[in-house]
Structures are given as C-alpha cells and as structure tokens.
Peer 1: 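So that we are looking at the same thing, I have put the structure below in structure tokens.
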Amino acid sequence: MDYNEKIIALQKRLGHVFIHSSLLQEALTHRSALVRRTSRRAKRVVQEQHFGRASQNSNERLEFIGDRVLGLVVAEWLFERFPKEQEGALGARHAHLVSRPVLAAIAEKIGLSEALLIAQHEENAGIRELASVKADAMEAILGALYLDAGLEKVKKLIHRFWKNEIDREKTPHKEPKTLLQEYVLGKGNDLPRYELLSSEGPSHAPIFRVEVTALNHVGKGEAKSKRLAESAAAVDLLKKLGQETKSV
C-alpha cells in the first residue's frame, strides 16, 4: 500500500474525507519532518507529492486543540452517562479516557501511525511506534477534524472509538497516584514523594519529567502536563513494586 492509499484508508476509518487537506497533512506531520534550515540551505523531509507542498507546522498546534475538544466531549459524555456519580468519580473516569495509553491504543486501531510523516533519522530510531507519538497524533487528528467539520462530527467519532473503553469501566477508574498512595499507606509507610525534575519545550507543548519515591523505590514519568507526568511516574513505581495498573 503506497502513501496515498494509506491516506484514503485512514479517512475511511475516520468516516470523513477532509475538505481542507492541509489540516490532515498538518495533523500527520511529526515535528521532525518540518523544513529545517542549516547554513542557508533548506532540507525538505516531508514527502511533498502527497499533499502538494510541505506543511509549515507540525501537529503540535492541532494536538493542543484536539486535547481540549476530547476533554470537553468526554466530560459531557460522562456527565450524561453517570448521573449519580460525583466529581471525584467522574474525574477519575475522565483522566483514564483521555490518557496516553487509551489514545495510543485507539491510534493503533485506526492505523494512524502508518500515515505519519516522520524524518528518516527518527524513523530509523523507531519513533513511529512510541505511545507518546501515537497519542499526540490522535489528539491532532481530533483537532483537525473539529476545525474541518465541527464539534458534532468529532463527537460521533469519539463516541464510536471510545465506546468500548467507557463500557469496560463498570466502576470509576482509579488514578495511578491514588493506587500508589493506597498501597504505600497500606504498608504503614509515609505518603509517596513527588519531585519535578524538569519542564522543557514551548509553552503550547511542554514536557514535564517527574520522579516519585516510596518504599525505597523510585518511579519516573514524563508527559505534557505535570499531573500526567506524576501519573506516569506512579505507574512506573507501581510496576516496580509488583502492582498492576491499567493506565495513566
């Protein structure tokens, strides 16, 4: 299957043919595939023949808006689906449904990573298979779809692809930080200690790195928000302690 066939197949799985193909191109452009200028020489990494010309933006801007759209649609869905649950339980469900593992799994289901435009050196490093890359691209696709077709179209897509995940959670999902706290306190120890190691990147797409310490073990995590980085660190530590957890 050549690249054009992959784009056609992806749009079929999404149930939408983009009116503005530039939005789809931007959603599929990893930051490594942007035009880079070195010593007055421009090196084009994007395969321009597929969209006519190279994108001037990576998918980070669309990821920003897609994250907000997903959050709103899922919040409304949960509010209607679980009328008797309070903020704490709804918040736990919400955090799970918009988490990186869930996003990456759905991106994998629709074959999104196959259509990403990635620089060759990053391709060789295996970046296409990273959960973070798949999750970010999934948010970017949602953002692109929202701008191209509106909120109702995005809502239908989210309800279609997230339905199995929301049906699976019969009881409120417990956030990893809560699971770790309960486990540590159950052992008669002090609360886990979280430390922000670094915060890097542009303001619209920062990367936070966090470390958590408990029971003489250390867990580490990174994500685009401090809260998600703490959750990732909690998952890492829970695994080291031999405890099961489904997602961040």
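Hydrogens, waters and symmetry mates are skipped; everything else that's a heavy atom, side chains included, is used. FYI, the numbering just counts along the sequence from 1.
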Peer 1: Less than 4.5 Å apart, any side-chain heavy atom of Leu116 and any of His30?
Peer 2: no

Peer 1: Please report the interatomic distance CD(Glu26) to CG(Leu34), rounded to the nearest 0.5 Å.
Peer 2: 9.0 Å

Peer 1: Under a 3.5 Å cutoff, is there a donor and acceptor pairing between the side chains of His16 and Asp148?
Peer 2: yes

Peer 1: For residues Val73 and Glu152, determine if any side-chain heavy atom of one lies less than 4.5 Å from a side-chain heavy atom of the other.
Peer 2: no

Peer 1: Taking all non-hydrogen atoms of both residues into account, name the closest pair between Ala223 and Ala229 and its distance.
Peer 2: CB-N, 3.5 Å

Peer 1: Main chain of Ala92, side chain of His94: is a donor-acceptor contact present, judged purely on distance under 3.5 Å?
Peer 2: no

Peer 1: Would you check if Ile141 and Tyr146 make a side-chain contact, meaning some heavy-atom pair closer than 4.5 Å?
Peer 2: no

Peer 1: If you measure from the Lys or Arg side-chain nitrogens to the Asp or Glu carboxylate oxygens, is any gap between Lys6 and Glu114 under 4.0 Å?
Peer 2: no

Peer 1: When you look at CD of Glu5, are more than 12 heavy atoms from neighbouring residues, nucleotides or ligands closer to it than 6.0 Å?
Peer 2: yes

Peer 1: Using 0.5 Å steps for rounding, measure from the NZ atom of Lys163 to the CD1 atom of Ile158.
Peer 2: 15.5 Å

Peer 1: Using the rule that two of Ile, Leu, Val, Met, Phe, Trp, Tyr join whenever any of their side-chain heavy atoms come within less than 4.5 Å, decide whether Ile118 and Leu10 are in one cluster.
Peer 2: yes

Peer 1: Walk me through it: do Tyr183 and Leu237 pass the test side-chain contact (heavy atoms from CB on, under 4.5 Å)?
Peer 2: CA-CA 11 Å; Tyr183 179 76; Leu237 183 49; over 6 Å; no

Peer 1: Find the distance between CD1 (Ile110) and CZ (Arg160) and round it off to the nearest 0.5 Å.
Peer 2: 9.0 Å

Peer 1: Evaluate the criterion side-chain contact (heavy atoms from CB on, under 4.5 Å) for residue pair Leu112 and Leu28; output intermediate values, then yes/no.
Peer 2: CA-CA 8 Å; Leu112 181 54; Leu28 296 174; 3.6 Å; yes

Peer 1: Is the closest side-chain heavy-atom distance between Trp77 and His159 below 4.5 Å?
Peer 2: yes

Peer 1: If I take atom CG from residue Asp136 and atom CZ from residue Phe64, how far apart are they, to the nearest 0.5 angstrom?
Peer 2: 14.0 Å

Peer 1: May I ask you to check whether over 12 heavy atoms, not counting those of Asp167, lie within 6.0 Å of atom CG?
Peer 2: yes

Peer 1: Output yes when Arg128 and Glu122 qualify as a salt bridge under the 4.0 Å nitrogen-oxygen rule, no when they do not.
Peer 2: no

Peer 1: Less than 4.5 Å apart, any side-chain heavy atom of Glu211 and any of Tyr194?
Peer 2: no

Peer 1: Could you tell me whether the side chains of Ser22 and His20 share a donor-acceptor contact shorter than 3.5 Å?
Peer 2: no

Peer 1: In Å and rounded to the nearest 0.5 Å, what is the CG to NZ distance from Leu191 to Lys177?
Peer 2: 10.5 Å

Peer 1: Over all heavy atoms of both residues, which pair between Pro192 and Val184 is shortest? Give the atoms and the distance, please.
Peer 2: CG-CG2, 4.1 Å

Peer 1: Check whether Leu151 and Leu14 end up in the same hydrophobic cluster, where Ile, Leu, Val, Met, Phe, Trp and Tyr are linked by side-chain heavy atoms less than 4.5 Å apart.
Peer 2: yes

Peer 1: Kindly determine whether Leu142 and Leu157 satisfy side-chain contact (heavy atoms from CB on, under 4.5 Å), including the steps that lead there.
Peer 2: CA-CA 9 Å; Leu142 295 177; Leu157 184 145; 3.6 Å; yes

Peer 1: For Arg31, is there any backbone N or O sitting under 3.5 Å from a side-chain donor or acceptor partner on Glu60?
Peer 2: no

Peer 1: So do Val212 and Glu230 actually touch side chain to side chain, heavy atoms under 4.5 Å?
Peer 2: no

Peer 1: Check whether any side-chain heavy atom of Tyr3 lies under 4.5 Å from a side-chain heavy atom of Leu117, and answer yes or no.
Peer 2: yes

Peer 1: Would you indicate whether the side-chain heavy atoms of Ser132 and Arg100 approach each other to under 4.5 Å?
Peer 2: yes

Peer 1: Mark yes when over 12 heavy atoms from residues, nucleotides or ligands other than Lys220 sit less than 6.0 Å from its NZ; otherwise mark no.
Peer 2: no

Peer 1: Would you give the length of the straight line joining atom CG of Asn59 to atom CD of Gln25, rounded to the nearest 0.5 angstrom?
Peer 2: 11.5 Å

